[in-house]
Amino acid sequence: TQLLEQSPQFLSIQEGENLTVYCNSSSVFSSLQWYRQEPGEGPVLLVTVVTGGEVKKLKRLTFQFGDARKDSSLHITAAQPGDTGLYLCAGDLTQAGTALIFGKGTTLSVSS
Amino acid sequence: DAGITQSPRHKVTETGTPVTLRCHQTENHRYMYWYRQDPGHGLRLIHYSYGVKDTDKGEVSDGYSVSRSKTEDFLLTLESATSSQTSVYFCAISVTGTKRLYGYTFGSGTRLTVV
């Protein structure tokens, strides 16, 4: 069974703090996606990383793909209450997206 | 944005009854997926389709069947619902480019309760 380990499972922080979420596997991925999900809704794609060592920034969010394409991290700078939600990583074992595996998610709560 | 509509949004059904969930897309995407999401398990693939009448099993396909008679519609059927199938079900389509996957677009989900 292919596994994608995501940590931490829960994170509760104050507004303005920084945080990092990790996604690790023993498998090599052709790409890796990060999604954010709010209660009662489906996950929404934040970013896709493809190249080993790639770094992408989305405002206060920084995504990094490991050099070996087995792991990834999401760093949020100066978290805000609007960042609250479930963050999911998903790795693609093929290039067609038919073997996308998801981590179990990190529930982030940012209080003001 | 791909238009993906799931119906119903909520359903309560009795054990042993058949249930069909519908996913409708408006942008002619080839690949469609059904996932279930449960606490402690995350998102798990039930079935997926790679074209009209072309489907394949995912990780947790037992007790489920699917059909795709038109590109835009992907149906998930619980043949005889059990309490273990109480879950939130998501439909998704994959957005692909030249030789790679950009990501998935998900519907808003169906919350199914089997009593």
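The structure presented is a predicted model; accordingly, all values stated were derived computationally and were not measured. The sequence lines fix the lettering, A, B, ..., with proteins before strands; numbering per chain opens at 1.
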message: Under a 4.5 Å cutoff for heavy-atom pairs, which residue among B:Q37, B:R111, B:H41 has the most contacts with chain A?
response: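 Maximum pair count with chain A is reached by B:Q37.
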field: Option in B:G103, B:P39, B:G109, B:C91 with maximal non-hydrogen atom pairs under 4.5 Å from chain A
entry: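 Counting heavy-atom pairs under 4.5 Å, the top option is B:G103.
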With hydrophobic residues grouped by side-chain heavy-atom distances under 4.5 Å, do [X] and [Y] end up in a single group?
X	Y	result
B:I93	B:L75	no
A:I13	A:Y22	no
A:L58	A:L74	yes
A:L11	A:L61	yes
A:L45	B:Y48	yes

query: Checking B:Q6 against chain A: side chain, backbone, both or neither under 4.5 Å from a heavy atom?
result: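 Neither part; nothing is under 4.5 Å.
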- prompt: Of the backbone (N, CA, C, O) and the side chain (C-beta and beyond), which part of B:R9 lies under 4.5 Å from a heavy atom of chain A, both, or neither?
  reply: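 For B:R9, the side chain is the part near chain A, not the backbone.
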What is the distance from atom [atom1] of [X] to atom [atom2] of [Y], rounded to the nearest 0.5 Å?
X	Y	atom1	atom2	answer
A:L100	B:Y33	CG	OH	7.5 Å
B:S108	A:E38	OG	CD	11.5 Å
B:F90	A:Q37	CZ	CD	4.5 Å
A:F102	B:E59	CZ	CD	11.5 Å

Select one option (side chain, backbone, both, neither) describing which atoms of [X] are under 4.5 Å from chain B's heavy atoms.
X	answer
A:E41	both
A:Q9	neither
A:V47	neither

message: Heavy-atom pairs under 4.5 Å with chain B - which of A:P43, A:A90, A:G40, A:G103 has more of them than the others?
response: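 With the most close heavy-atom pairs to chain B, the winner is A:P43.
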message: When you measure from the side chain of A:K104 to the backbone of B:G40, do you find a donor-acceptor pair of N or O atoms at a distance under 3.5 Å?
response: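 Confirmed, A:K104 side chain pairs with B:G40 backbone.
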field: Test item: A:Y35 side-chain N/O and B:Y104 main-chain N/O as donor-acceptor pair under 3.5 Å
entry: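 The answer is yes, because a donor-acceptor pair under 3.5 Å joins these two groups.
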- prompt: Does A:L88 reach the side chain of B:L43, with side-chain heavy atoms less than 4.5 Å apart?
  reply: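 Yes. Closest side-chain heavy atoms under 4.5 Å.
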